[in-house]
Amino acid sequence: MKNKYSIFSLIKNALSGHENWQRAWRDPEPKKEYDAIIIGGGGHGLATAYYLAKKHKLTNIAVVEKGWIGGGNTGRNTTIIRSNYLWDASAGLYDHALKIWEGLSQELNYNVMFSQRGVMNLAHNLQDVRDLKRRTHANRLNGIDAVWLNTEEVKKFCPIINTSPNIRYPVLGGTLQKRAGTARHDAVAWGYARGADAMGVDIIQNCEVKGIKRNGDQVEGVETTKGFIKSKKIGVVAAGHSSVIANMAGIRLPLESKPLQALVSEPVKPIIDTVVMSNAVHAYVSQSDKGELVIGAGTDSYISYTQKGSHNIVEETLRAILELYPIFSRMKMLRQWGGIVDICPDASPIISKTQIKGLYFNCGWGTGGFKATPGSGDLFAYTIANDEPHKLNAAFNLNRFVSGDLVDEHGAAAVAH
Amino acid sequence: MSKNLRINKNNFIDQTTRISFKFNGQKLFGYKGDTLASALLANNIHLVGRSFKYHRPRGIMTCGSEEPNAIVQIGNDASLTDPNVRATEIELYEGLDASSQNCWPSVNFDIGGINNFLSPFLPAGFYYKTFMWPAGFWEKYEYFIRHSAGLGKAPTRSDPDIYDHQYSHCDVLVVGGGISGIMSAKLSAEKGLDTILIDDKSFLGGSTIYQENESYKINNINSNKWLANEIESLKNYSNLVIKNRTSLAAFHGYNYLLARENLTDHLSINERKGKVRQRLWKIRAKKVIIASGSIERPLIFSNNDRPGIILSSSIKKYIDYYGVKTGENISLFTNNDSAYETGISLYKSGVKVNVIVDIRKNSDSLIVKEALELGLKVLWGSTVVDTQGYKRIKSFEVMKLSDDGNNVVGDRSKYNCDCLGISGGWTPMVHLFTQSGGKLKFRNEDNVFIPDENKTPSNQISVGSCNGEFKLNEIVINTIENLKSFLSLSNTCYDGIKIICPNEKSKRNIWLLPSDKPIGKTKPFLDFQNDSTAKDVKLALREGFKSIEHVKRYTTTGMGTDQGKLSNMHALGIIADTTGTNMGELGTTTFRPPYTPLTFGAIVGRNVGEFFDQTRKTAIHNWHVKNNAEFENVGQWKRPWYFPKDGENMHQAVQRESKAARDSAGILDASTLGKIDIQGTDASEFLNRVYTNAWSKLEIGRCRYGLMLNEDGMVYDDGVTTRLGENHYIMTTTTGGAANVLSKLEDYLQTEWPELDVYLTTVTDQYSTISICGPNSKNIITKIVPGLDLSDNNFPHMSFKNTKISNVNCRIMRISFTGEHSYEINIQSNYAEDVWIKCMEAGKEFNLTPYGTETMHLLRAEKGFIITGQDTDGTLTPSDLQMDWIIGKKKFDFIGKRSLYRSDTIREDRKQLVGLLTEDPKEVLEEGAQLVENINEKPIEMLGHVTSSYFSPNLNKSIALAVVKSGKKLKGKKLIVPMENKNINVIITDTVFYDKENKRLNA
Amino acid sequence: MLNFNPPIEEEKKYNDLKIVEVEPTIKINLRSNKREFSTKIGKILSILPPNEANTSSGNESYSLLWLSPDEWLVYSNNNTKSLNDQIELENNLFNEISKLNQGAVTNVSDHWVMINLKGSKIFDLLAKSCPFNFKNFKKKGSVVQTVVNHVDVIIHNKDDNDLNLFVRRSFSEDLWLWINDSARFL
Amino acid sequence: MFIINCPYCGERDQTEFSCGGEAHIERPKQPTELSDDQWAEYLFMRKNIKGIQFERWNHAHGCRKWFNMVRDTSNDKIQAVYKMGEKPPVK
């Protein structure tokens, strides 16, 4: 059992010069065989392993990560957490996650800094208003705490927004989900890793999957840069690289991997204490605890695995930011980066079995996967452990692309796909 | 404080022009050419700010963009203040008003300084381990954490300054105006190539330009004089553009580079008026020469962060370039020769150099010899183990290093000082190289990452010290040789160049210098701004964070506004040492753009305010404005929303407009609809394929409504298409869909059906569309086009006539989106406003009423006509819309047909379009409201939602359209619309509310 | 007679820059991949449509711009042409080409607004918000379709420091304002 | 921001183009004869290759022509462009 983190352990360790802290997780070599292997050591993968061990008592499992844990989209996103999605299936999925977020720091004994500072979505044209009201009504009936705000209420909740009726696309109102907010992205990966490791999960970093071994339609294991590892159950949580793994297994997915960019400003004293998103003029912004404005940009239209996007995307995003927050004009961009997001045609994820027995995919989160991390891990663990989906992720199967029962969340997704 | 530390020898500062400025409210003086940092130092001010976490006093540490500590708030005007400005970069101007950040009440007495004493309890990542209890209290802790974090303050009012963009294309871009950059620019220009040279400083020449030392000679003259001549010679090239105060922000693929030119930040406020503040250059260069130089490393020992501890090379620049003494009793601490150059400069300027502490056992290079000959005292094989002094260094303590350098031996000896110069060697600035995709290699002998020439993207080269060349002879010779092949030069103006310079031979590097105290009791800072120490790095490693990115994130090393320019190498070195890894294998963290922070305003340029997004206007726009229209944004278009009269609100105006349109006549500007001219022998076949219904049999002169699907079977767009000739159609699209429809159609034509003889040409802006509807529309058209036979026989519904209004050709269509007898006049846009005015005149006697989009929506809803995008959302098939009649089932294929027969698209219980009437006819439903059957069910099942809803003045009741699960079968069923404060009872009806028999079309 | 209302009714001068909308001008879009097309155009306009990308041909009356391998824009150089001239030319071309299935002729006289820019800094002005490399454009008669301040344009390099810029009518006022704004910072 | 060599207009900035995704997915000639699975394969399933990818681009703000491109999605290097209907260059 790991030492518990607390103010007392902090004081105790301070007295010994912090020399005696335990490792947060081990650095094991892979065993020959596991009961399950999770490919991808991001938040979703680590959470999957954590819940497999915790809820399904599968502890002889490994997470294989080609780089370092939390180094993909987990460590590259703008950390927004909300559950105000349109369709019942999505609302169920994301609110399941949100409920776990609310107790996650205590559950993991790791402060993931889940800050329920609210998320506001703005409407800038009449169709925006209709769509957002539709979503708000659906949310309310699904037990999700979304409310409609008129322009004055928007201004009151976030006074620095330019709500002048004379701007090009005036703010016509917005929705607010108060339980929504942000969290510390790295802490989520690290907290799950520490928790999973404590239950015996092997987290194997710098271990790249090179092939998926199949025997007919049953998986047998993975070829990695650290050798072959046997397992009858393989869960793939590889985000932008999902198709690469799928191609190894000889299947195709309805995904396109595209660059998504984000940026932060230099840190300043608190100036905005909520999260504001706007689809129509495409800007979303919050302020980190460190003081940096965290700004999400859009995706490029082409496939790329470079973790770099086009500059014009950043330019367009900041254009929208300055339209809504003219006071940010003299702020300076400190850092800008890109991630690779795997986008489904209906802007909803896939948490599903495949036609290959023992091979499961959790992918297609597009631009909004971070918020779902705990729920996604929980439901994917259920799906792997039981070889069938939980009712909350049943709609997010691969077959929907065949039958036509898509879960179209383009309107609720942050980035217009 | 009032001491003047300026000497009067240098050539670079205009000491005749005195400039007054304020720091923390105190009025001070400097000279033109000063930076804020040099002016503060001249006034003997070192304490500039407080650190991020422990609020430790911090001073000026460098003279450039790598400065971690001396960052200040400029100005206090709510719209013009600038946070986090590096004192080392901002040029002094008359009236500059700077103040310290992150301290309260003042930089001298800062309450937050208490954190320094709590620092044992605040190791790296402490916040991950605590603040978790009681559950749900994080936001309360967070409030305090947020308020103590952050650095400067953002402006609170809009920025009045102007930012601008400029694309530029050149053959060669040279980044950096040091010696290698100057030579590169000259060689490039000499070859006749269009060349741009940019440098972030106000002057060219880098550090060579103030290197007044006899030991450095080029072609037998001192290197600084030689370089000054070279700079002068650049003026002769008309194909060379030099941009000062321009810093390269980002180096993207395909040699696309962004550079920010600072145009007014060095001017006094009055001189800035009406000028562009910053210009972002978007440069496409065929070739790029990176000459970004290198920066000096600090040394890592306990309490290495006190004000007065400055990089040795910066001390040299302050004395040689700015003529400012950074102290009066200066010592130096080094692991290489460059500190000796500083010592010599100080000595020559009459500043006392107490001792030079050198961790090396000895060095016999020329420059060291020169220093020793001048009588400078060197403590060989020694290290500084600690420093004293709270707001300014007072003294430091030195111990002997053990032979292997792992320990210290002997006793501490203490030296007083008011300034300690530190030099830990040099780090090539490879940021731009790696941003562009280049890969680095590690050179063990002097512990530097340098560009790997085998992994350099094509059409770029790194020259000078950013390429790991530090000695003058190497820099000059290699720059010439490398450029010869890079620019294909056979011989150059530099051939046969002669260089004399000292050669450093002895090297020793220790990333974390040893101390006689356990590391837990020391404070060896790595990242000065973020207060991360070597201890933090070691703690992270103990806790299992082994990747450099993990360590960086856990300790926040390198994440300050300097992006780790000073700290990254030492963090890597300490990780390598602690884990026994070779640094080359460890790799570096990613260098992310921008190189130095880039103003949002500069990134956005002129696309702010009125230029935020393009505005499209119809040809009749001015009339609408004159007639009091309220406008709706539809995509980029401005469309009249409604025309309020005499203080009407929107509801009143819309009710009046709607009533008038049905009672007599209404007029709408429908010009924003997309219009595509379709010609070619296969035009009919093409339409068959893109619309769900059949087109071949449409007669010339007739119009037909069409529905276009996506390949996934969902409704995508709709509109009326008219057959103008055997092989000639004109298609209308929705306003929002126009561009996408055209591009989708071109896509199919060019890629799937290249065999079709069809040409598409957009004519959206060519023709304006004036729609006149209502029982009197015919009377009005008769007045406008007197000769035209408007009888139903000659001119039936869904047909058109070519005619003339006065001298101008026009096409009049008899089509209706309101269910009324109506006409659409299509006319060349330049005549549209006049036709509109003529219609208004002609319609005066019929109370012809202009109406906007809101009334249009209401009128069509009365008839149950859909608006794609409002009543559809990309999830509805034609069948879902109860429009099965429009599917040409006999047609072999059309876009989306196959998708209509999938297991889920043929389900009977899909959401389907229906009409709704409220129990209370006065109750208007909210668009977007959900529909349920049983309000008490948990979880409640939502059956659908309201897509369109209005109060119909013509029916005198509320009407709505909705999509409802199995809606087709539910006519007459009662449902509930649950609102926050009430439940509204509704009944499902037909989608057509008004004139179900379509009598009015021909009325 | 109907009144003619062009979208822009002013002429502006900045230092060395002069901008003005030129109306009325006949503009007709031509599409074809048929062999006869060139000959027919030659007969009617007395100029051949250029086959080389990004070029134009012209005579005293008309300029004929290459837009794509099967698309050209013809416009009248003379702004004294009347509406009847426009109709006549359109009909001529339409009857010879569209009617005979040799391609497509479409009147776009009011679709495009033509703005004339004169001065030594016109390219610097456009380069404020246009990524096109005008260094390759100095040749007289060059044509480019590109984007200026996010708006699609066709640019025809008429003569030294003299170019015609075509912008869709609905965008023309916006672009006009942008040009005037940017001209201040040249 | 790539520089794309439009097969018709020559080298232009990326902002003039739009990307249409994977190339050489031919629209089935007889969609009705396909199973739901086969139709879904055409409609949604993509190779999404990391490495050499064949894709479609449109010179949307130029000549409006669609063309094909060979691009390495692991480093964004464009290796070739070719017109619609032409055979892809052998890689």
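Atoms considered below: every heavy atom in the structure, side chains included; atoms not considered: hydrogens, waters and symmetry mates. A note on names: the letters A, B, ... follow the listed sequences, proteins ahead of strands, and every chain is numbered from 1.
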Counting only heavy atoms closer than 4.5 Å, note whether B:Q101 contacts chain A via side chain, backbone, both or neither. neither
Both conditions, 6.0 Å and 45 degrees, for the charged tip of B:K53 above the ring of B:F126: are they met here? no
Measure B:K638 against the heavy atoms of chain A and call it side chain, backbone, both or neither at under 4.5 Å. side chain
What part of A:L172 gets within 4.5 angstrom of chain B, counting heavy atoms only: side chain, backbone, both, or neither? neither
Inter-residue atom distance A:T317.OG1 - B:I603.CD1, 0.5 Å rounding: 10.0 Å
Per-residue tally against chain A (heavy atom, under 4.5 Å) across B:F52, B:F611, B:Y256, B:Y163 peaks at B:F52
What part of B:V932 lies closer than 4.5 angstrom to a heavy atom of chain A: side chain, backbone, both or neither? side chain
Max heavy-atom pair count under 4.5 Å with chain A, selected residue of B:P597, B:A149, B:G544, B:G520: B:P597
Hey, is B:D82 close enough to A:R330 for a salt bridge, meaning N to O under 4.0 Å? yes
May I ask you to check if B:K129 and A:W21 form a cation-pi contact, with NZ or CZ under 6.0 angstrom from the six-membered ring centre and within 45° of the axis? yes
For B:Q435, which atoms come within 4.5 Å of any heavy atom of chain A: side chain, backbone, both, or neither? backbone
For B:T875, which atoms come within 4.5 Å of any heavy atom of chain A: side chain, backbone, both, or neither? side chain
When only pairs under 4.5 Å are counted, which of B:L541, B:V604, B:D159 shares the most heavy-atom pairs with chain A? B:D159
Which portion of B:T947 sits near chain A, non-hydrogen atoms under 4.5 angstrom: backbone
For chain B, which of A:G17, A:G404, A:S403 has the most heavy-atom pairs under 4.5 Å? A:S403
Check each atom of B:Y143 against the heavy atoms of chain A and say whether the ones under 4.5 Å are side chain, backbone, both or neither. neither
Angle between ring planes, A:W190 versus A:W25, binned at 30° and 60°: parallel, tilted or perpendicular? tilted
Give, as side chain, backbone, both or neither, the part of B:E142 having an atom under 4.5 angstrom from any heavy atom of chain A. side chain
Chain A shares the most heavy-atom pairs under 4.5 Å, among B:Q870, B:E549, B:E927, B:E941, with B:Q870
Can you confirm if the aromatic rings of B:W133 and A:F8 lie within a centre distance of less than 6.0 Å? no
So which part of B:L539 gets closer than 4.5 Å to some heavy atom of chain A, the side chain, the backbone, both or neither? side chain
Would you say the side chain of A:W87 lies within less than 4.5 Å of the side chain of A:L406, judging by non-hydrogen atoms? no
Checking heavy atoms, do the side chain of B:Q930, its backbone, both or neither come under 4.5 Å from chain A? both
Under the salt bridge (charged side-chain N to carboxylate O under 4.0 Å, His left out) rule, what do A:D186 and A:R184 come out as? Steps first, then yes or no, please. CA-CA 6 Å; A:D186 292 331; A:R184 172 82 197 140; 2.8 Å; yes
What part of B:E926 gets within 4.5 angstrom of chain A, counting heavy atoms only: side chain, backbone, both, or neither? side chain
Chain A contact via B:H252 - which portion, at a heavy-atom distance below 4.5 Å: side chain
If you count heavy-atom pairs within less than 4.5 Å of chain A, which of B:N607, B:D613, B:T853, B:D904 leads? B:D904
Does any heavy atom of chain A fall under 4.5 Å from the side chain of B:K538, the backbone, both, or neither of them? neither
Most chain B-contacting option - heavy-atom pairs closer than 4.5 Å, from A:V402, A:V112, A:L318: A:L318
B:W138 vs B:Y141 aromatic rings, parallel, tilted or perpendicular, using cut-offs 30° and 60°? tilted
Option that, when pairs with chain B are counted at under 4.5 Å, heavy atom only, ranks first among A:E102, A:Q106, A:E19, A:M113: A:M113
From the list A:H410, A:R134, A:R130, side chain to side chain donor-acceptor pair (under 3.5 Å) with B:D873 holds only for A:R134
Engaged part of B:P939 at the chain A interface, taking heavy atoms whose separation is under 4.5 Å: neither
Could you tell me if the ring centre of B:Y554 sits under 6.0 Å from that of B:F545? yes
I'd like to know which of A:I69, A:I295, A:T136 tops the heavy-atom pair count under 4.5 Å against chain B. A:I69
